[in-house]
Chemist: 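If you scroll down you'll find the structure; I have some questions about it.
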Amino acid sequence: MTSHSPIRAASKISPQPVGEARFAFLLLDGFTHLAFASALEPLRVANEALGRPAYGWRLLSETGGPVTCSNGMTILADGPMQPMGRGETLIVVGGRGARRQASDRLLGQLRREAVRGTRIGALCMGSYILARAGLLEGEECAVHWELADAFAEEFPRINVTRAAFTLGRRPTAPGGAVAADMMLHLIAADHGAELPARLADLMVCNGVRSPQSDQTVSLQSRYGMRNPRLVKVLRFMEQTLEQPLTAAEIAEAAGMSIRQTERLFTRYVKMTPMAFYARLRLDKAHSLLMQTELSITEVAVACGFQSSSHFAKRYRAAFGVNPRHMRVVGAPAAA
């Protein structure tokens, strides 16, 4: 499943004197297929557009055996995880089961590659493997917005971002179609900006996102409103979940009185500011319970609750189950 002679496209970008760049995709069992396909296709289309094999790739698994991806398809690997070739980029592709796959052997192999100077990146929860290997400390890492809070709690020395992707020596993308944008930027570093723009057109993509692009839709779109004051307050709330604001502080952020702020929330989100704020904190707590091994007390503190008993009461009222029970039935297995 390596790249071979490309199919020549009718319209090609004039090739530049750049040798073949090689990528190795390490596929973990249960990896996210959309992220993998989104990363691979720009390389294939680049070869077609250039009319030559400017990019080559191989697919690896830890043992060299077949790998099952998120949608149940089985992918045949070209071989096992092994030392990278000179100048080869290694991309670790994971999914929600990545925690169970951070074996000592695999982490050791990744550390050795890092010492050798290999550029190592990750797609989706492949970032978890790099984090466990200690390869992201002090680095910026793009993590899926749904998992970002949990990831930041577990790896406080990593600069977790909800940006679309990161570049540099540890390129990361949180999954999905944004993996294509990351790869297009890597291609731009080799061939300039004209080629990625042409590739985006060939793949019928609506432009190429930048690393600073948001992963999610805007607050305005998410809540179906355009009121600028409310958008400002909602953003402020999302940034202060660990140390919650008072009703007076929320009103001050909105530049209104408490009564005016309550009317604003009632009109647009159908609940009071404090009720909405509490729901944001409980949603974060739910994510931490499901995605980390933090204690109930640690989750409570991270979400701004004064005590674990108060947190448990509020959580039970919101989700109909005790947080300790949720931890037992829903927490991920230790790696």
Chemist: Which heavy atom of L60 sits nearest to which heavy atom of A24, and what is that distance?
Modeler: CD1-CB, 4.0 Å
Chemist: Carefully, step by step, assess T166 and T172 under the rule side chain to side chain donor-acceptor pair (under 3.5 Å).
Modeler: CA-CA 5 Å; T166 65; T172 57; 2.6 Å; yes
Chemist: Tell me, please, which residues at least two apart from E153 pass side-chain hydrogen bond (donor to acceptor under 3.5 Å, both in side chains).
Modeler: none
Chemist: Run the salt-bridge test on K284 and E242 with the 4.0 Å N-O cut-off and return the result as yes or no.
Modeler: no
Chemist: Locate the shortest heavy-atom distance separating A254 from T261; write the atom from each residue and the value.
Modeler: CB-OG1, 4.2 Å
Chemist: Hydrophobic clusters here meaning ILVMFWY residues chained together by side-chain heavy-atom distances under 4.5 Å, can you tell me if L34 and M183 are in one?
Modeler: no
Chemist: Near E252 CD, under 6.0 Å, is it more than 12 heavy atoms from other residues, nucleotides or ligands?
Modeler: no
Chemist: Within the structure provided, determine whether I258 and I250 are in side-chain contact (heavy-atom separation under 4.5 Å).
Modeler: no
Chemist: With the 4.5 Å side-chain cut-off for hydrophobic clustering, are L40 and I187 part of the same group?
Modeler: yes
Chemist: Apply the test side-chain contact (heavy atoms from CB on, under 4.5 Å) to residues I158 and E139: give CA-CA distance (whole Å), side-chain angles for both, the deciding distance (0.1 Å), then the verdict.
Modeler: CA-CA 6 Å; I158 297 174; E139 301 283 346; 5.7 Å; no
Chemist: Within the structure provided, determine whether M274 and F265 are in side-chain contact (heavy-atom separation under 4.5 Å).
Modeler: no
Chemist: So which heavy atom on S38 is nearest to which on A177, and how close?
Modeler: OG-CA, 3.5 Å
Chemist: Just by distance, do the side chain of D29 and the backbone of V67 share a donor-acceptor pair under 3.5 Å?
Modeler: no
Chemist: Same cluster or not: M271 versus L245, using hydrophobic residues (I, L, V, M, F, W, Y) connected whenever any side-chain heavy atoms lie under 4.5 Å apart?
Modeler: yes
Chemist: Enter the distance from W57:CH2 to F25:CZ here, rounded to the nearest 0.5 Å.
Modeler: 8.5 Å
Chemist: How far apart are the C-alpha atoms of Y315 and H286, what are their side-chain angles, what is the distance that settles it, and do they pass the side-chain contact (heavy atoms from CB on, under 4.5 Å) test?
Modeler: CA-CA 8 Å; Y315 188 90; H286 182 71; 2.7 Å; yes
Chemist: Counting heavy atoms not belonging to R111, are there more than 12 under 6.0 Å from its CZ?
Modeler: yes
Chemist: Determine yes or no for a side-chain-to-main-chain donor-acceptor pair under 3.5 angstrom, with R22 supplying the side chain and G85 the backbone.
Modeler: no
Chemist: Would you give the length of the straight line joining atom CG of L289 to atom CD of E298, rounded to the nearest 0.5 angstrom?
Modeler: 11.5 Å
Chemist: Using 0.5 Å steps for rounding, measure from the CG atom of L27 to the CE atom of M81.
Modeler: 12.0 Å
Chemist: Going by heavy atoms in the side chains, are V233 and M237 under 4.5 Å from each other?
Modeler: yes
Chemist: How many angstroms lie between atom CZ of F31 and atom OG of S61, to the nearest 0.5 angstrom?
Modeler: 10.5 Å
Chemist: With no hydrogens and no angle check, is any side-chain donor or acceptor of R170 less than 3.5 Å from a backbone partner on C141?
Modeler: no
Chemist: Got L241 and Y277 here, is their nearest side-chain heavy-atom distance under 4.5 Å?
Modeler: yes
Chemist: Check whether any side-chain heavy atom of L123 sits under 4.5 Å from a side-chain heavy atom of F165, and report yes or no.
Modeler: no
Chemist: Does E137 reach the main-chain N or O of G134 with its side chain, forming a donor-acceptor pair under 3.5 Å?
Modeler: no
Chemist: Charged N to carboxylate O under 4.0 angstrom, R99 versus E154?
Modeler: yes
Chemist: Taking the side chain as every heavy atom from C-beta outward, state whether L26 and L90 have any atom pair closer than 4.5 Å.
Modeler: yes
Chemist: May I have the step-by-step check of side-chain contact (heavy atoms from CB on, under 4.5 Å) for L50 and H191, ending in yes or no?
Modeler: CA-CA 10 Å; L50 290 168; H191 298 276; 3.7 Å; yes
Chemist: In this structure, are over 12 heavy atoms from other groups packed under 6.0 Å from D104 atom CG?
Modeler: no
Chemist: Any sub-3.5 Å donor-acceptor pair from Q101's side-chain atoms to G97's backbone N or O?
Modeler: yes
Chemist: At their closest point, which heavy atom of R324 faces which heavy atom of N322, and how far apart are they?
Modeler: N-OD1, 2.7 Å
Chemist: Please say whether the positively charged group of R279, taken as NZ for Lys or CZ for Arg, lies over the ring of F319, i.e. under 6.0 angstrom from the six-membered ring centre and within 45 degrees of the axis.
Modeler: yes
Chemist: Are R58 and Q82 close enough that a side-chain donor and a side-chain acceptor fall under 3.5 Å?
Modeler: yes
Chemist: Minimum heavy-atom separation for L288 and A302, please, with both atom names.
Modeler: CD1-CB, 3.9 Å
Chemist: Flag yes if more than 12 heavy atoms outside R259 fall under 6.0 Å of its CZ atom; otherwise flag no.
Modeler: no
Chemist: Look up atom OH in Y128 and atom CZ in R100, then write down how far apart they are to the nearest 0.5 Å.
Modeler: 11.0 Å
Chemist: Just do the side-chain contact (heavy atoms from CB on, under 4.5 Å) check on V160 and F155 with the steps written out, would you?
Modeler: CA-CA 9 Å; V160 175; F155 302 106; 5.8 Å; no
Chemist: Is there a chain of hydrophobic side chains (I, L, V, M, F, W, Y, each step under 4.5 Å between heavy atoms) that links I296 to V301?
Modeler: no
Chemist: Salt bridge or not for R44 and E41, using N-O below 4.0 Å?
Modeler: yes
Chemist: For a quick test of reading the model, state the closest non-hydrogen atom pair linking R119 to P171 and the distance between them.
Modeler: CG-CD, 4.0 Å
Chemist: Quick one, E113 and Q109 - any side-chain contact, counting heavy atoms below 4.5 Å?
Modeler: no
Chemist: Can you tell me if N47 uses its side chain to pair, donor with acceptor, with the backbone of P53 under 3.5 Å?
Modeler: no
Chemist: Under the criterion side chain to side chain contact (heavy atoms under 4.5 Å, CB included), which of D190, L184, L186, D201 is the partner of P196?
Modeler: L184
Chemist: Could you check whether any side-chain heavy atom of I129 comes within less than 4.5 Å of a side-chain heavy atom of L107, counting everything from C-beta outward?
Modeler: yes
Chemist: Just how far is it from atom OG1 of T118 to atom CZ of R169, taken to the nearest 0.5 Å?
Modeler: 11.5 Å
Chemist: Ignoring hydrogens and angles, write down the donor-acceptor pairs under 3.5 Å from the side chains of residues 307-314, residues two or more places apart or on other chains.
Modeler:
unit_1: S307; atom_1: OG; unit_2: S309; atom_2: OG; d: 3.1
unit_1: S307; atom_1: OG; unit_2: H310; atom_2: N; d: 3.1

